[in-house]
Amino acid sequence: MRGLLLTSIYLVQGVLNLVFYGIPLVMFSVLLPQWVFREVAWLLPFLVLLYFAIGAFSLYSMGFTPRPGRGRVLGVVYFSVGLIGSLAVFPEFADETPLLRVLFVVWALLSLLGIFLLLRTENLEDVSPLLIVSALLILLFSGAVSFLTAQWIVEDYYAHIHMNESVPENATVIVAYPENVSPPNGTG
């Protein structure tokens, strides 16, 4: 039963990330200090890919190899990063939409439950191989989608950095507000 629940947690995290496709990206952007992030933001897609690869290899090791201990260790790493990252994001985005907060609370709770179950589960021999393969594929596909979208977000980040660097600190920025103008035929 614990093995089935553990596999389901991997599956649910993969599906959640497919639906919202940026969970680890936001976690890593908050976990890295700003001065480091500014220099290595281009690595973000690879960190996201590595994160999901660790989760997938953990699931594979626990389900299909004769030495599930390595999978348990990697699973604890995977879920610990998810727990720490989602807890770090929560106060950072307190003013954002409530859905974002709920999403990261759910991710943190799933990660905490995953760590708890990993410490109590030896292997996944009682779980259907079809379910394990399904969870693996969804986790890997989710990681690939996050990898591809992370590059887009990183490019956007660097574009904003370069935009902000081109405006001097003592520059005056003029913002024009639209004025109500009657239409050309004079009926307004």
Side-chain angles (χ1 to χ4, degrees), residues 1-31 43-90 92-93 96-154:
M1 180 64 178
R2 284 183 277 195
L4 180 63
L5 189 56
L6 180 62
T7 307
S8 299
I9 290 173
Y10 282 104
L11 188 64
V12 168
Q13 282 192 335
V15 169
L16 271 176
N17 190 60
L18 273 177
V19 173
F20 296 103
Y21 68 82
I23 296 170
L25 179 67
V26 174
M27 288 188 322
F28 285 123
S29 67
V30 171
L31 283 176
L43 270 175
L44 208 53
F46 299 103
L47 286 173
V48 169
L49 198 58
L50 178 66
Y51 174 70
F52 281 109
I54 288 171
F57 192 69
S58 163
L59 190 56
Y60 173 79
S61 294
M62 288 190 66
F64 297 117
T65 63
R67 303 178 80 205
R70 183 182 312 148
R72 290 176 67 198
V73 170
L74 288 173
V76 168
V77 169
Y78 170 78
F79 286 123
S80 295
V81 169
L83 178 63
I84 293 167
S86 53
L87 290 177
V89 166
F90 193 72
E92 190 79 20
F93 292 98
E96 292 291 328
T97 174
L99 180 62
L100 188 64
R101 286 180 281 173
V102 168
L103 182 65
F104 280 103
V105 166
V106 167
W107 195 272
L109 291 174
L110 286 171
S111 296
L112 187 62
L113 184 59
I115 292 170
F116 176 76
L117 289 172
L118 272 169
L119 297 176
R120 301 209 182 299
T121 306
E122 288 298 319
N123 57 30
L124 300 176
E125 65 186 17
D126 59 334
V127 180
S128 162
L130 184 60
L131 181 62
I132 296 172
V133 169
S134 299
L136 269 171
L137 290 175
I138 287 178
L139 205 58
L140 289 172
F141 184 69
S142 178
V145 168
S146 287
F147 172 77
L148 295 172
T149 56
Q151 185 58 41
W152 169 61
I153 292 171
V154 167

Just how far is it from atom [atom1] of [X] to atom [atom2] of [Y], taken to the nearest 0.5 Å?
| X | Y | atom1 | atom2 | result |
| --- | --- | --- | --- | --- |
| Trp107 | Met27 | CH2 | CE | 6.0 Å |
| Leu117 | Leu5 | CG | CG | 5.0 Å |
| Leu31 | Ile84 | CG | CD1 | 7.5 Å |
| Ser80 | Ile115 | OG | CD1 | 3.5 Å |
| Leu59 | Ile54 | CG | CD1 | 14.0 Å |
| Phe20 | Leu100 | CZ | CG | 9.5 Å |

Subject >> Residue pair Phe64, Leu136: steps toward the side-chain contact (heavy atoms from CB on, under 4.5 Å) verdict >> reply: CA-CA 11 Å; Phe64 297 117; Leu136 269 171; 4.2 Å; yes
Mind listing the closest non-hydrogen atom pair of [X] and [Y] along with its distance?
| X | Y | value |
| --- | --- | --- |
| Ser29 | Leu44 | N-CD1, 4.2 Å |
| Leu118 | Val76 | CD1-N, 3.4 Å |
| Ser146 | Phe52 | OG-CE1, 4.1 Å |
| Val15 | Ile138 | N-CG2, 3.8 Å |
| Gly143 | Leu49 | O-CD1, 4.0 Å |
| Leu119 | Arg72 | O-NH2, 3.3 Å |

Original post:
Hey, would you say the Phe79 and Tyr10 ring centroids sit under 6.0 Å apart?
Top reply: yes
**OP:** May I ask you to check whether Phe147 and Phe46 place their ring centers less than 6.0 Å from one another?
**Re:**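 Yes; Phe46 has its ring centre under 6.0 Å from that of Phe147.
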Quick check: do [X] and [Y] have side-chain heavy atoms less than 4.5 Å from each other?
| X | Y | answer |
| --- | --- | --- |
| Leu83 | Leu110 | no |
| Asn17 | Pro24 | yes |
| Leu11 | Leu131 | yes |
| Val145 | Phe141 | yes |

**OP:** Might you work through the side-chain contact (heavy atoms from CB on, under 4.5 Å) test for Val48 and Thr149, ending with a clear yes or no?
**Re:** CA-CA 10 Å; Val48 169; Thr149 56; over 6 Å; no
Subject >> Main-chain N/O of Arg2 paired with Arg120 side-chain donor or acceptor, under 3.5 Å >> reply: no
**OP:** Verify, without hydrogens or angle tests, whether Ser58 (side chain) and Gly71 (backbone) share a donor-acceptor contact under 3.5 angstrom.
**Re:**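 Flag set: sc Ser58 to bb Gly71 pair under 3.5 Å.
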Original post:
Where do Ile23 and Phe104 land on the side-chain contact (heavy atoms from CB on, under 4.5 Å) test, with the steps shown first?
Top reply: CA-CA 8 Å; Ile23 296 170; Phe104 280 103; 3.7 Å; yes
Subject >> Pair Gln13, Ser142: side-chain N/O donor-acceptor within cut-off below 3.5 Å >> reply: no
Original post:
Partners of Thr7 by side-chain hydrogen bond (donor to acceptor under 3.5 Å, both in side chains), sequence neighbours excluded?
Top reply: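 Thr7 satisfies side-chain hydrogen bond (donor to acceptor under 3.5 Å, both in side chains) with no residue once adjacent residues are dropped.
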